[in-house]
Amino acid sequence: MIEYKAITLTNFKSFKRKTRIELDRGPGLILVTGENGAGKSSIGDALTWVQFGKTTRGARGGRVPTWEGDGQTVVQLDLLLEGAPITLIRCAGPNSVSWVGLDGEGEETPTQARLEQLLGLTYSQWMSTAMMSQFGDYFFDLTPAEKLRVFSEALGLEGWSKRSTAANEAAKTQNAALETLRTKASRHQGIIEETQDDIVGLQEQKREAREIAAKQIEEAQAAAKKAGSNAERKRLEAESAEGLYTKLKRNIDKQKAKLDKQKAEQDRARDVVTKAAQHAREAERIEKAARKAVKDFKDLADACPTCKQPITKAHRKASLRLLDDAHAEAADHVDVTQRHHLKEQALYVDEREKADALMQIADGLDADAEKAAQMMHETRKAYALAKQGADIAELDVEKAGKADGSIDRMIADKRSRLEEVQEQGEVTMQKMQAGVKQAEHLSFWVRGFRDIRLWIIEQALNELEAETNRAVQELGLEGWTVEFDVEATASDGSKRKELNVMIGSPDSDGPEHYQSWSGGETQRLRIAGAAALAALIQRRSSQSTNLEFWDEPTAFLNDQGLDDLVEFMKERAISSDRTVWIIDHRVVESYAFQERLTVVKKKRGSKIS
């Protein structure tokens with residue numbers, strides 16, 4: 001807890017002379033009055049500036065000295081921090097800040113971040129729990145999005161968002177690392193499969209090499225043994241081939257004579273087929289014309305289209321009979337000519353096949369004669385080739401033995417590489433399994449931290465809503481209600497997180513947005529919201545204070561509203577065991593104030609009496 005004891009101002013805004021103000025005046029209500037511009041608000045500004053380096057309106061060091069600018073601005077704050085006496089001094093012109101304990105030891109010139117860490121209090125929390133400035137926006141005055149931000153920050157909930165963001169970034173990093181490991185594992189698996197295939201291929205190559213070598217040796221030995229007999233047999237075959245060649249030449253001459261005669265027969269048959277085809281086409285043309293004549297006559301009307309004479313039934317019947325007979329005769333002629341054409345065509349094909357057969361016989365005889373001529377030459381080489389084959393087989397035996405050893409060395413190298421890559425793959429898989437668990441853990445907390453924040457907001461809003469409604473009733477707005485909603489629908493239909501305040505009154509049909517209200521009711525609602533938020537933060541935060549400042553809270557209030565406000569503030573001071581300061585230009589007459597201070601501005605600056 002922070003217990004503010006006293007504050008001393010020198011050359012701060014309108015307070016030129018050194019002025020000490022006792023802050024710890026026990027639980028109760030303190031009224032500070034004075035004319036506008038007298039310097040009443042400077043007390044809250046000094047208390048804010050000494051702690052956070054800026055006033056309630058955000059003014060920093062260069063804007064806080066007195067208007068004359070005579071001398072250094074110094075604000076000294078005496079306080080108890082968790083029961084330990086502390087003196088905090090901030091100066092402007094030149095700027096400095098010091099933090100000193102009772103024993104004289106402490107941190108000189110701490111940074112603002114360090115100072116807020118020591119206090120356990122941020123500027124936003126201070127402005128929401130202890131300093132309700134007339135120039136600042138009360139909680140209800142903020143936009144819905146800004147309300148949610150201030151609410152979250154004041155309750156220290158942004159830490160959950162930061163944790164979610166950090167978890168998300170860590171998850172991205174982890175997933176990227178996992179992708180790298182997956183690529184590495186895939187590469188390892190590819191190398192393993194390729195190496196295994198290589199080993200199987202080498203083993204198969206070794207087996208095949210041995211089989212080939214054994215077969216080559218056997219074949220070579222057999223070839224050498226048969227070389228002599230093969231040569232003699234080939235010589236006899238060559239002599240036989242010479243006699244066969246002479247006989248074949250005679251047969252070739254006979255076959256060529258037959259072929260010439262057959263070709264002549266083939267030419268005659270082709271001419272006959274051509275004429276038969278012509279006769280068949282002519283017969284088909286006549287049959288088609290006859291068929292058309294029958295059809296045309298049947299389609300005639302009762303009069304002849306040429307002479308215009310009427311056609312009797314007898315004449316039509318006799319004419320159709322003649323035309324039908326002519327058509328039948330033409331059809332029979334077509335059938336005869338077609339059969340004749342097919343017969344002649346078959347004879348032609350037969351003659352052509354006979355000629356082709358004779359040609360094949362002649363060609364075969366020519367080929368046989370050529371083979372016979374070559375046979376002698378080939379058999380003379382047979383023995384030399386067989387002997388040479390045996391010598392080559394012996395060399396192959398020696399090479400096959402050497403190839404065995406070379407393949408064995410290659411297999412051993414592949415197996416060694418396989419074991420090495422398998423070990424690397426196992427290490428990579430272990431890292432992947434651990435990485436997957438870590439990624440799942442991080443992904444859970446990305447949403448988990450957000451859910452925790454939203455759950456805390458929901459719980460806190462329920463508490464804030466109850467506290468606000470209690471304050472609304474105590475401020476004289478009987479029958480009025482306040483509701484909070486943390487979600488809104490955008491124009492595009494999407495959902496966005498923001499804090500809306502809905503107000504219900506006895507005269508309204510239902511809850512309406514806070515912005516719909518004005519005047520004294522609005523001021524009471526503003527105070528109720530700010531007071532409820534301050535109380536909530538005090539209960540939930542790790543740090544609390546022994547005072548509250550309300551600057552010009554009576555604006556727009558009538559006499560009854562003013563009485564309700566004073567009673568509300570008095571009860572608040574007593575129940576929270578705090579000193580509640582009301583700074584206002586209006587002179588409020590009420591027994592509820594345990595002290596009254598007046599700020600007067602003279603030529604030499606502001607003075608408190």
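Start at 1 with the first residue, then count along the sequence.
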Fill in: Donor-acceptor contact present, side-chain Ser606 to main-chain Ala38, <3.5 Å
yes
Worksheet item: Distance from Gln174 atom CD to Glu440 atom CD, nearest 0.5 Å?
Response: 10.5 Å
Worksheet entry | Nearest heavy atoms of Leu77 and Ala6, plus distance in Å | CD1-O, 3.5 Å
Worksheet entry | Distance in Å, Glu548 CD paired with Met569 CE, rounded so as to fall on 0.5 Å steps | 7.0 Å
Worksheet item: Out of curiosity, Arg187 CZ to Arg182 CZ, how far, rounded to the nearest 0.5 Å?
Response: 15.0 Å
Worksheet item: Sub-3.5 Å donor-acceptor pair from the side chain of Ser508 to the main-chain atoms of Ser505, do we have one?
Response: yes
Worksheet item: Hey, is the main chain of Ile503 close enough, under 3.5 Å, to the side chain of Glu512 for a donor-acceptor pair?
Response: no
Worksheet, complete the sentence: Closest non-hydrogen contact found for Ala185 with Met429 is CB-SD, 4.3 Å
Discussion item. Regarding Glu419 and Arg415, does a basic nitrogen lie under 4.0 Å from an acidic carboxylate oxygen?
Written reply: no
Worksheet item: Between the side chain of Asn462 and the main-chain N/O of Glu458, is any donor-acceptor distance below 3.5 Å?
Response: yes
Response to the item:
Here the gap from Phe449 atom CZ to Leu442 atom CG, rounded to the nearest 0.5 Å, amounts to 9.0 Å
Worksheet item: Is the backbone N or O of Ala412 less than 3.5 Å from a side-chain atom of Ser416, with the two atoms forming a donor-acceptor pair by type?
Response: no
Discussion item. Within this structure, what is the CZ-CD1 distance for the pair Phe12 and Ile43, rounded to the nearest 0.5 Å?
Written reply: 10.5 Å
Practice prompt. With ring pair (Phe, Tyr, Trp, His ring centres under 6.0 Å) as the test, would you mind laying out the steps for Tyr4 and Trp126 before giving the verdict?
Written response: CA-CA 13 Å; Tyr4 295 97; Trp126 166 257; 5.6 Å; yes
Item to complete: Answer yes or no for Arg526 and Tyr138: cation-pi contact, defined as NZ/CZ to six-membered ring centre under 6.0 Å and angle to ring axis within 45°.
Response: yes
Worksheet entry | Contact check, side chains of Ile608 and Ile21, non-hydrogen atoms, under 4.5 Å | yes
Worksheet item: Which atom pair, heavy atoms only, marks the closest approach of Leu533 to Ser128?
Response: CD2-CB, 4.1 Å
Worksheet item: Between Gln459 and Glu463, do the side chains contain an N or O donor and an N or O acceptor separated by less than 3.5 Å?
Response: no
Worksheet entry | Contact check, side chains of Gln543 and Glu82, non-hydrogen atoms, under 4.5 Å | yes
Fill in: Shortest non-hydrogen contact from Ala46 toward Ile7
C-CD1, 3.7 Å
Discussion item. Once rounded to the nearest 0.5 Å, what's the spacing between atom CG of Leu79 and atom CG of Leu119?
Written reply: 7.0 Å
Discussion item. Checking Val486 against Ile457 for the side-chain contact (heavy atoms from CB on, under 4.5 Å) test, could you report, in this order, the C-alpha distance in whole Å, the side-chain angles of both residues, the deciding distance, and whether it holds?
Written reply: CA-CA 9 Å; Val486 293; Ile457 288 176; 4.0 Å; yes
Worksheet entry | Minimum side-chain heavy-atom gap Leu565-Ile527 below 4.5 Å | yes
Worksheet item: Do Ser161 and Arg453 have side-chain atoms, one donor and one acceptor, less than 3.5 Å apart?
Response: yes
Worksheet item: Backbone N or O of Asn11 within a donor-acceptor pair of the Thr73 side chain at under 3.5 Å?
Response: yes
Discussion item. So that I can tick it off, tell me whether Glu521 and Arg524 are bridged by a salt bridge, with the cut-off set at under 4.0 angstrom between side-chain N and carboxylate O.
Written reply: no
Worksheet entry | Inter- and intrachain pairs under ring-ring contact (aromatic ring centres under 6.0 Å, His included), touching residues 458-487, at least two apart | Trp480-Trp517
Under 3.5 Å, sequence neighbours excluded: what are the donor-acceptor pairs made by side chains of residues 583-596?
unit_1: Asp584; atom_1: OD1; unit_2: Thr554; atom_2: OG1; d: 2.9
unit_1: Asp584; atom_1: OD1; unit_2: Arg586; atom_2: N; d: 3.0
unit_1: Asp584; atom_1: OD2; unit_2: Thr554; atom_2: N; d: 3.2
unit_1: Asp584; atom_1: OD2; unit_2: Thr554; atom_2: OG1; d: 2.7
unit_1: His585; atom_1: ND1; unit_2: Glu552; atom_2: OE1; d: 2.7
unit_1: Arg586; atom_1: NH1; unit_2: Thr554; atom_2: O; d: 3.0
unit_1: Arg586; atom_1: NH1; unit_2: Leu557; atom_2: O; d: 3.2
unit_1: Ser590; atom_1: OG; unit_2: Ala592; atom_2: N; d: 3.1
unit_1: Tyr591; atom_1: OH; unit_2: Glu567; atom_2: OE2; d: 3.0
unit_1: Gln594; atom_1: NE2; unit_2: Arg25; atom_2: O; d: 2.8
unit_1: Glu595; atom_1: OE1; unit_2: Arg25; atom_2: NH1; d: 2.6
unit_1: Glu595; atom_1: OE2; unit_2: Arg25; atom_2: NH1; d: 3.4
unit_1: Arg596; atom_1: NH1; unit_2: Val588; atom_2: O; d: 2.6
unit_1: Arg596; atom_1: NH2; unit_2: Val588; atom_2: O; d: 3.0
unit_1: Arg596; atom_1: NH2; unit_2: Ser590; atom_2: O; d: 3.1

Worksheet entry | Heavy-atom donor-acceptor pair, Gln523 side chain to Pro553 backbone, under 3.5 Å | yes
Practice prompt. Determine yes or no for a side-chain-to-main-chain donor-acceptor pair under 3.5 angstrom, with Ser164 supplying the side chain and Trp160 the backbone.
Written response: no
Worksheet item: Any side-chain heavy atom of Trp581 within less than 4.5 Å of one from Leu597?
Response: yes
Worksheet item: Between Thr545 and Arg578, is any side-chain donor less than 3.5 angstrom from a side-chain acceptor?
Response: yes
Discussion item. Check Glu35 with Lys40, please: is the shortest side-chain N to carboxylate O separation under 4.0 Å?
Written reply: no
Item to complete: Could you tell me how the ring of Phe139 sits relative to the ring of Phe151: parallel (under 30°), tilted (30 to 60°) or perpendicular (over 60°)?
Response: tilted
Item to complete: Report, as yes or no, whether the 6.0 Å neighbourhood of atom CD on Glu478 holds more than 12 heavy atoms from other residues, nucleotides or ligands.
Response: no
Worksheet entry | Asp509 atom CG, over 12 foreign heavy atoms within 6.0 Å | no
Practice prompt. Before accepting this row, confirm whether a basic side-chain N of the pair Arg539/Glu467 lies closer than 4.0 Å to the acidic partner's carboxylate O.
Written response: yes
Discussion item. Check this for me: does any side-chain nitrogen of one of Glu420 and Arg417 sit under 4.0 Å from a carboxylate oxygen of the other?
Written reply: yes
Discussion item. Less than 3.5 Å apart, any donor N or O on the side chain of Asn500 or Tyr514 sitting next to an acceptor on the other?
Written reply: no
Discussion item. Assess the residue pair Asp78 and Thr87 against the criterion (side chain to side chain donor-acceptor pair (under 3.5 Å)); give the C-alpha distance rounded to whole Å, side-chain angles, the decisive distance to 0.1 Å, and a yes or no.
Written reply: CA-CA 5 Å; Asp78 297 318; Thr87 297; 3.3 Å; yes
Practice prompt. Step through the shown structure and confirm whether more than 12 heavy atoms of other residues, nucleotides or ligands are within 6.0 Å of NZ on Lys431.
Written response: no
Worksheet item: Hey, does Val580 have a side-chain heavy atom less than 4.5 Å from the side chain of Leu547?
Response: no
Item to complete: Mind listing the closest non-hydrogen atom pair of Thr481 and Asn469 along with its distance?
Response: CA-OD1, 3.2 Å
Fill in: Result of checking Gln134, Arg57, Lys13 against Ser41 for side chain to side chain donor-acceptor pair (under 3.5 Å)
Gln134
Fill in: Residue from His513, Lys147, Glu465 passing side chain to side chain contact (heavy atoms under 4.5 Å, CB included) with Val501
Lys147
Item to complete: Please answer whether the main-chain N or O of Asp45 pairs with a side-chain N or O of Ser42 as donor and acceptor at a distance below 3.5 Å.
Response: no
Practice prompt. Please examine the side chains of Leu23 and Lys5, heavy atoms only from C-beta on, and report whether any two atoms are closer than 4.5 Å.
Written response: no
Fill in: Closest approach of Trp99 to Pro110 (non-hydrogen atoms, all atoms of both residues)
CB-CG, 4.2 Å
